[in-house]
Number of protein chains: 2
Amino acid sequence: MKDLMNIKHCGECISNLPIFRSLTEEQSEMINTTRCRVRYRPGETIFKQGTAMTHIIIVTEGLVKVYLEGINDRNLILRFARPVAMIGGPGFFTDYKNHVTTMAIEETSACFIDVNTLKEIIEQNQNFAIALLKWVNSHTLSTYTKFIELTQKGMHGRIAGALLYLHKEVFFDMEGGFRINRQDLADLTAMSKESGIRILKELKDENLISVVGNYIVLNDIDRLEKISMKG
Amino acid sequence: MKDLMNIKHCGECISNLPIFRSLTEEQSEMINTTRCRVRYRPGETIFKQGTAMTHIIIVTEGLVKVYLEGINDRNLILRFARPVAMIGGPGFFTDYKNHVTTMAIEETSACFIDVNTLKEIIEQNQNFAIALLKWVNSHTLSTYTKFIELTQKGMHGRIAGALLYLHKEVFFDMEGGFRINRQDLADLTAMSKESGIRILKELKDENLISVVGNYIVLNDIDRLEKISMKG
DNA sequence: GTATTTTGTTGATTATTGTCAATGAATATT
DNA sequence: AATATTCATTGACAATAATCAACAAAATAC
């Protein structure tokens, strides 16, 4: 019976996120009865910028990218998310639209939570509201870092910074390296794909990183950090 | 007697901000008894990036800029604020530090509100917590726009965008134009002062704007908007 | 297994943007 | 009023980064 229920939702995904710790039994149950789990193949869009924001998701398996669709088909990747991570958006409590696009990069499981349910819980539970404020503010903090990253660093610094971000904040639990394709690396660092490729090659030629196809290993974190600082 | 009280705080400043509408009498009083009003001269720093976040402010008179201090003494202006506006920060509920610097540009009055008082009220009043979430999310929204603005537009588009921002969102209630110095315009658009000056001159030469010293009037909003779109 | 499409790579060129230096104008200081 | 000091301006130049085109390699479709 319990296994059957797990088909509908993802079991205990919300208990793995600190933000949901403050929920009462009853509130957890409210979420559990409405939420459901969906699987995505690489390249599938989960949320599309411009559509109505009806749900948030919790990524329970796989890998997604969250990005802004900008001018002339250029995208700006704001973050990558791996399990267990919540993907919300600034449309919550404002215009209830999705202002970013979320796309699966690997085979991904996402657990959908209805925003109205969430809203109801926030209205009941101050601690949860505070946890959410904290979550939003910590995201704003990364955003500020990203501003400096993108507007005040040269291409070398941006690529180094992006690699360090992937290594330390996205794939922190992985042995060795990680995979990312060239276009995504370019979209993460706000430069053309060709420029990204060139910088990557330079870093490889200096043995700061190893590259085999899309698989990247950082060999010299210290020097990458220096490059990231200066630019 | 009432006049004497106004020396300590700024009278009814919080009643002019929608975000404080949900406060009870008692909660308003909590804020009123601890808050106090401070005057700043142009160039004075109100909050300094890196210091402890003990208060938020409400700007009741004057003009301030909110900016990130980045690399090599370069600043990135996130927003300008005029009365009545609240200046908070992502340190709230996270690390309680100031992550941005706030500086008076004109003679400014700011009303200081203690973050602990604020925190206490948030814990009591869900509607206020929601209003705050809404406020934070709407700021995140502008942040997203700014990302595209700064990373995907050329210098012409960025200057045009900045001028439209100043005209429509900062000085929207002013007849004619507004004042901004060249360095601030450059810091708002993430370019060098010299580049900013050159673009400004081009826009002036094409009669899209009038410039007299630091005073700028937008003559052709439509064409500026076109330039802002394309870049 | 071959064809087709996507993704990655490289070099040449152009476009964009920053830096440096010199100078003028405006403002503040003594 | 004379002197600093800051701010604005301009041109020349260098550095940075995008575009374009051609091609190679890998993945996918047929």
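What you see below is based on every heavy atom in this structure, not just the backbone, and it leaves out hydrogens, waters and symmetry mates.
- In this structure, B:K168 forms no cation-pi arrangement with B:F172, as its terminal cationic atom is not both closer than 6.0 Å to the ring centre and no more than 45° off the ring axis.
- The CG-P distance, from B:N72 to D:dA15, rounds to 17 Å in whole Å.
- With hydrogens and angles ignored, the 3.5 Å screen pairs no side-chain donor or acceptor of B:Y165 with any backbone N or O of B:V170.
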For B:T54 and B:D114, run side-chain hydrogen bond (donor to acceptor under 3.5 Å, both in side chains): C-alpha distance rounded to whole Å, both residues' side-chain angles, the deciding distance at 0.1 Å, then the answer. CA-CA 6 Å; B:T54 58; B:D114 181 77; over 6 Å; no
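- Overall, the helix from C:dG1-D:dC30 to C:dT30-D:dA1 carries an axis bend of 40° between its ends, with five pairs at each end and the value rounded to 10°.
- A donor-acceptor pair under 3.5 Å is absent between the side-chain atoms of B:T45 and the main chain of B:K48, judged by distance alone.
- Going from atom OH of B:Y215 over to atom P of D:dA8 covers 17 Å, rounded to whole Å.
- A straight line from CG of A:D187 to C1' of D:dA18 spans 15 Å, rounded to a whole angstrom.
- For the pair A:T101 (side chain) and A:Q49 (backbone), a donor-acceptor distance under 3.5 Å is present.
- Ionic pairing of A:E106 and A:R179 is not present here: no N-O contact between side-chain nitrogen and carboxylate oxygen is shorter than 4.0 angstrom.
- Atom pair A:I199:CD1 and D:dA15:C1' shows a separation of 13 Å (rounding to whole Å applied).
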Would B:N98 and B:T51 satisfy side-chain hydrogen bond (donor to acceptor under 3.5 Å, both in side chains), going step by step from the backbone distance to the final call? CA-CA 6 Å; B:N98 287 306; B:T51 60; 3.0 Å; yes
Sugar-phosphate atoms are those with a prime plus P, OP1 and OP2; base atoms are the rest. Using that split, label each nucleotide of nucleotides 4-18 of chain C B, S or - for protein heavy atoms under 4.0 Å, 5' to 3'. ----BBBBB----SB
I'd like to know whether A:R82 forms a salt bridge (charged side-chain N to carboxylate O under 4.0 Å, His left out) with A:E169, so could you lay out the CA-CA distance, the side-chain angles of the two residues, the decisive distance to 0.1 Å, and finally the verdict. CA-CA 10 Å; A:R82 289 183 56 224; A:E169 300 186 42; over 6 Å; no
